[in-house]
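Working notes, beginning with the structure itself.
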2 protein chains.
Amino acid sequence: MNVVNESPRRKELTRLAAQLFVQEGFDRTTVRMLAHEMGIKSGSLFHHFRDKQEILAAVIEEGTQNALHIARRALDSCDSTPEARLHAMARAHLETLLTDRNAHVVALYEWRRLDPEARDHLIHLRDAYEALWEQVIDEALAAGLIHGDRFLVSRFVMGALNWTVRWYDPAGPRTPEELAGELIGMITAPRAVAATPSTIV
Amino acid sequence: MNVVNESPRRKELTRLAAQLFVQEGFDRTTVRMLAHEMGIKSGSLFHHFRDKQEILAAVIEEGTQNALHIARRALDSCDSTPEARLHAMARAHLETLLTDRNAHVVALYEWRRLDPEARDHLIHLRDAYEALWEQVIDEALAAGLIHGDRFLVSRFVMGALNWTVRWYDPAGPRTPEELAGELIGMITAPRAVAATPSTIV
DNA sequence: AGATCAACCAAGCAAGCGCTAGTGTAAACC
DNA sequence: GGTTTACACTAGCGCTTGCTTGGTTGATCT
């Protein structure tokens with residue numbers, strides 16, 4: 001009776017589900033709550049999704065696909081210097097967290113609630129995204145812009161960025177652009193120390 | 001009938017609960033699973049804890065108290081240079097994540113499942129811990145060891161460290177000591193190129 | 001005009017949930 | 001030696017859970 005297609009209605013339902021999953025957590029969100037939020041009865045939900053698990057998978061897939069597209073576009077349309085590319089990736093990441101916040105919070109917090117099949121599928125998407133990061137970080141390392149272990153640097157940077165969902169307030173004074181600048185500034189060595197002696201304020 | 005004291009039996013139960021909460025998540029962990037893991041029947045559980053919520057609060061409190069003690073001891077017994085203090089805090093944090101991993105994963109993932117009263121109490125503990133960090137970071141900023149916004153730097157550093165629970169493998173080749181060194185090395189500008197470069201190999 | 005189909009609903013099942021009530025028992029205390 | 005206390009048990013209540021079933025509706029297609 002149920003369908004697994006990509007109807008526009010399903011997309012809208014996925015967006016609403018993401019919001020509820022963030023508010024309540026996946027386990028505490030009942031199918032009745034989901035249905036109510038969508039303006040239908042709980043039984044009707046299973047016309048659009050095979051089961052509750054599939055809703056979670058849909059939310060996370062949507063968010064990760066978006067992040068991947070935005071990151072690729074950001075890399076395509078920025079300067080080719082290692083610093084510019086690093087900055088572009090950080091800003092893209094933060095902007096995704098902002099515009100698509102719900103889906104990403106769900107991906108970060110509820111990843112472990114996915115059943116193995118869904119996880120297998122989504123892990124490839126995530127790997128593709130993280131590969132972009134490692135590539136940009138490799139370039140920065142090769143250019144001497146940052147130092148350290150390739151693996152560790154990328155993990156530390158991703159951690160710092162993902163942690164922002166805990167404290168960043170989009171209504172606050174700081175733009176994603178500024179945040180990205182601060183982070184990149186923090187980890188990049190002041191390249192040529194040659195000129196003015198770095199002032200100690 | 002039930003008690004709320006600090007018996008040693010209760011501590012052991014708390015440790016077991018932390019493990020189950022990590023494996024299954026708080027919501028999916030039933031009181032019957034908890035009781036089974038503890039070798040008793042589900043009814044007996046409520047002799048030690050008022051309700052399921054209290055078990056979660058006990059787990060998180062235990063972990064945070066430990067982190068606080070370890071951090072304070074680390075600061076007391078290290079050199080007083082800003083760099084040494086920064087390093088000591090990072091290492092202490094990573095060691096806590098290692099030795100008390102379950103409790104901290106629960107604190108990070110299940111914080112929002114706490115009811116308001118428990119959260120109010122635990123938030124003071126967490127604030128005390130984060131205050132230590134901000135103090136050390138202030139010193140490092142004042143010494144010119146790192147630059148940037150005080151608030152942002154501490155958030156970025158905490159993010160990078162807490163994210164380690166996702167990928168760090170205690171059985172792997174890297175010690176917490178090395179990890180701390182890499183992170184501090186990444187964010188500290190190569191200070192005065194003057195004297196002997198105090199190498200941290 | 002008849003057939004198809006997506007989208008919904010009302011009703012409810014079987015299982016599992018947190019938690020309570022009342023009881024038993026061995027050790028500790030006065 | 002009687003009372004209390006700590007810890008465990010059995011049994012089950014009242015409720016919620018994810019999901020199924022069988023059926024209705026209105027639009028679209030042929």
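Note on naming: letters A, B, ... go to the chains in the order of the sequence lines (proteins, then strands), and numbering restarts at 1 for each one.
- Between A:His47 and the phosphate of C:dC8, there is no side-chain N or O to OP1/OP2 separation shorter than 4.0 Å.
- Straight-line distance from the CZ atom of A:Phe49 to the P atom of C:dA7: 11 Å, rounded to whole Å.
- When rounded to the nearest whole Å, the span between CG of B:Leu45 and P of D:dT10 equals 14 Å.
- Residue B:Lys52 has its side chain nearest to C:dG18 when only C:dC8, D:dG18, C:dG18 are considered.
- Here the side chains of B:Phe156 and B:Asp149 are not in contact, with every heavy-atom distance at 4.5 Å or above.
- B:Arg10 has no carboxylate O lying under 4.0 Å from a charged side-chain N of B:Glu62, or vice versa, which leaves the two without a salt bridge.
- Using cut-offs of 30° and 60° on the angle between ring planes, the pair A:His93 and A:Tyr129 is tilted.
- B:Asp51 places its CG atom 17 Å from the P atom of C:dC17, with the value rounded to the nearest Å.
- Here the P atom of nucleotide C:dA7 and the NZ atom of A:Lys11 are 15 Å apart, to the nearest Å.
- Rounded to whole Å, the distance from CZ on A:Arg10 to P on C:dC8 is 14 Å.
- Proximity of residues 34-44 of chain B to DNA chain C (heavy atom under 4.0 angstrom from any strand atom) is restricted to B:Ser42, B:Gly43.
- Nucleic acid contact class of B:Arg32 (heavy atoms, under 4.0 Å, all strands): base.
- Across all their heavy atoms, B:Ala90 and B:Ala180 have their closest contact at CB-CB, 3.8 Å.
- The phosphate of D:dC19 (OP1 or OP2) has no side-chain N or O of A:Arg50 nearer than 4.0 angstrom.
- Taking atom CG of residue B:Asp27 and atom P of nucleotide C:dG18, one finds them 9 Å apart after rounding to whole Å.
- We find that CD of A:Gln53 is positioned 14 Å from C1' of D:dC19, with the value rounded to whole Å.
- Salt-bridge check for B:Glu134 with B:Arg155: passed, with a basic side-chain N closer than 4.0 Å to an acidic carboxylate O.
- Counting heavy atoms from C-beta outward, B:Leu56 and B:Ile60 have side chains that approach closer than 4.5 Å.
- Salt-bridge annotation for B:Glu12 and B:Arg9: absent, with no side-chain N of the basic residue lying under 4.0 Å from a carboxylate O of the acidic one.
- Atom NE2 in B:His48 sits about 16 Å away from atom P in C:dC19, given to the nearest Å.
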